[in-house]
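Quick notes on the structure that follows.
Every chain is numbered from 1, with letters handed out A, B, ... down the list of sequences. Because only heavy atoms are used, hydrogens play no part in the values below, and waters and symmetry mates are left out as well, while side chains stay in.
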Amino acid sequence: MKIEAPRGTHDIIPAEQPLWQRVTGEMERLCALSGYRRIQTPVFEETDLFQRTSGAGSDVVQKEMYTFTDRSDRSLTLRPEATAPICRAYLTHGLQQEPQPQKLFTIAPMYRYGRPGRGRYREHWQLSVEAIGSDDPALDAELIHLFDTLLRTLAVTEYELKLNSIGDPNCRPAYVEKLSAWLAGRASELDSDTRGKLRTSPLRALDNLEAKPPGVQEVLRAAPALGDSLCAACVEHFAAVRATLDALGVAYTLVPTLVRGLDYYTRTTWEFKGPLDGANSTISGGGRYDGLIEEIGGPPTPGVGFGAGIERLLLALEDAGGSAEPTAIDVFLAVEPDAPRELALRWLSELRAAGIAADTDYAGRSLKGQLTQAGRSGAHTTVIVGPTEAVLRRQGAKDEPLAHADVLGTLLG
RNA sequence: GUGGCGGUAGCUCAGUCGGUAGAGCUCCGGGUUGUGGUCCCGGUGGUCGCGGGUUCGAGUCCCGUCCGCCACCCCA
């Protein structure tokens, strides 16, 4: 039986690398421009890290984690997201002792078990950018602006930024209680789906309103709004985030029912929706997580960050007609059948040592085939190596006969 | 995880009523040409996703399974 890539995984083949490199290169450049430094964490962590931060009731923990025990019976989990691991690393290496905030980013694969589809993978890549150690609303805005800039730089223009504040431990619990009680009072008017949410994740009951039956929508619209229950500190913080976004010229839509899937979020939350229809249009999501570090045993430490799905960003880029130049070499050596190949191979080595990308034929091609291959390789210079001399062919120039002894000097000069 | 649609060459696809597998592109060779493009000729390439069933005979019909896509759920 033929072996295939595991369900929900995919190879990133050479033909796709230029576009990937353009995207990840742009990510690295923009992160560096704003003072974010790269960090890399293990592919797997102690299961407890994700259970405690994402929340035992979250979809990710309940049904999407790749959890296994190793040979020593430790419970380990392939990371479903990068924020918690980065916060763990922040603690592990005592980064709270260094100047705050610590501005960090990573580009890495994430793992979530779920039914795959277009733009939805069990192994997928994310850019994750985090600012840990400051509750300055300017950071929330900076991160949003950073991703907004990335999209613009890549010429992706069809997208929407959804923004909300979901409060903090001072104000949210009271609201959740109020909402639950209010909805419970009208439970008979709700559909089973919404009643289920009421039990597991009351905030989510208000989410995705448009998809619910009209009668249910009516009830939910009349429910108490989260925005009206925010404490003064959260109101002030959110106002500052919005004012900064306005100042930076970042357009957003306030979505009072926007709730994120992980328990660690506080205050600011946001999502970037891409141009593609369908359920997998979220290309980035993020928010503030002021209680996360404390949850995993650190001192009370604020933080804010986002994750962005690279495969989904690529779909958006494709939709916008984005492309990238294929990789090319500099010099191709076409070797005639009765020419001294060892000599050509030595030239190859010398060229490469001099930093010139050079290649030749290894497939026993005919001379015509080798020249075709030279064209494919993108080489601007081709050397046709004959038995006693060579012909130098530069793009757009006339052929130039050369003695073997002069080939290297001409190419290197 | 639930429901629906699909799977034939590396890619895009055709394959009639069930009768022993096809095209274009790609790739390789030859001719033409300005030694690479164009054009012409030829060739390589297949466990018809996999397994079972029905049948004299299955790419084709039936069941199962794997994978993909769409809609839910949820997200990146």
Throw together a table of side-chain donor-acceptor distances under 3.5 angstrom for residues 381-404 of chain A, partners on residues two or more places apart or in other chains.
unit_1	atom_1	unit_2	atom_2	d
R393(A)	NE	D399(A)	OD1	2.9
R393(A)	NH2	D399(A)	OD2	2.8
H404(A)	NE2	G386(A)	O	3.0
H404(A)	NE2	E389(A)	O	3.4

Quiz item: So, N164(A) versus T269(A): side-chain donor-acceptor pair below 3.5 Å or not?
Solution: no

For residues 174-191 of chain A, tabulate all N or O donor-acceptor pairs below 3.5 Å that involve a side-chain atom, not counting sequence neighbours.
unit_1	atom_1	unit_2	atom_2	d
Y175(A)	OH	P224(A)	O	2.8
Y175(A)	OH	L226(A)	N	3.3
S180(A)	OG	V176(A)	O	2.7
R186(A)	NE	E189(A)	OE2	3.0
R186(A)	NH2	E189(A)	OE1	3.0
D191(A)	OD1	T194(A)	N	3.3
D191(A)	OD1	T194(A)	OG1	2.4

Exercise. With a 4.0 Å heavy-atom cut-off, tell me which residues in residues 252-272 of chain A come close to RNA chain B, sorted by residue number.
Key: R260(A), G261(A)

Show which side-chain atoms of residues 6-14 of chain A pair as donor or acceptor with protein atoms under 3.5 Å away, not counting sequence neighbours.
unit_1	atom_1	unit_2	atom_2	d
T9(A)	OG1	P6(A)	O	2.6
H10(A)	NE2	E311(A)	OE2	2.8

Practice problem: Runs of at least three consecutive Watson-Crick or G-U pairs, both distances under 3.5 Å, are what I'm after; which ones involve RNA chain B? | Solution: B:1-7 with B:66-72, B:10-13 with B:22-25, B:27-31 with B:39-43, B:49-53 with B:61-65

Quiz prompt | salt bridge (Lys or Arg N to Asp or Glu O under 4.0 Å) partners for D330(A), two or more places apart | solution = none

Quiz prompt | Strand-adjacent residues in residues 362-382 of chain A, judged by heavy atoms under 4.0 Å from RNA chain B | solution = R365(A), S366(A), L367(A), K368(A), G369(A), L371(A), T372(A), A374(A), G375(A), R376(A), T382(A)

Self-check item: For F105(A), side chain to side chain contact (heavy atoms under 4.5 Å, CB included) partners two or more places apart
Solution: E28(A), C31(A), Y36(A), R38(A), I107(A), L127(A), V129(A)

Quiz item: Quick one: salt bridge (Lys or Arg N to Asp or Glu O under 4.0 Å) partners of R22(A), sequence neighbours excluded?
Solution: none

Which donor-acceptor pairs under 3.5 Å do side chains of residues 76-87 of chain A form with protein atoms, sequence neighbours excluded?
unit_1	atom_1	unit_2	atom_2	d
T77(A)	OG1	T47(A)	OG1	2.8
T77(A)	OG1	T67(A)	OG1	2.9
R79(A)	NE	P109(A)	O	2.7
R79(A)	NH1	T41(A)	O	3.0
R79(A)	NH1	P42(A)	O	3.0
R79(A)	NH2	P109(A)	O	3.2
E81(A)	OE1	T83(A)	N	3.0
E81(A)	OE1	T83(A)	OG1	3.4
E81(A)	OE1	Y264(A)	OH	2.6
E81(A)	OE2	A84(A)	N	3.0
T83(A)	OG1	E130(A)	OE2	2.9

Exercise. Mind checking ring-ring contact (aromatic ring centres under 6.0 Å, His included) for Y90(A) and listing every partner two or more places apart, or none if nothing turns up?
Key: none

Quiz item: What residue pairs, at least two apart or across chains, pass ring-ring contact (aromatic ring centres under 6.0 Å, His included) with a residue in residues 319-344 of chain A?
Solution: none

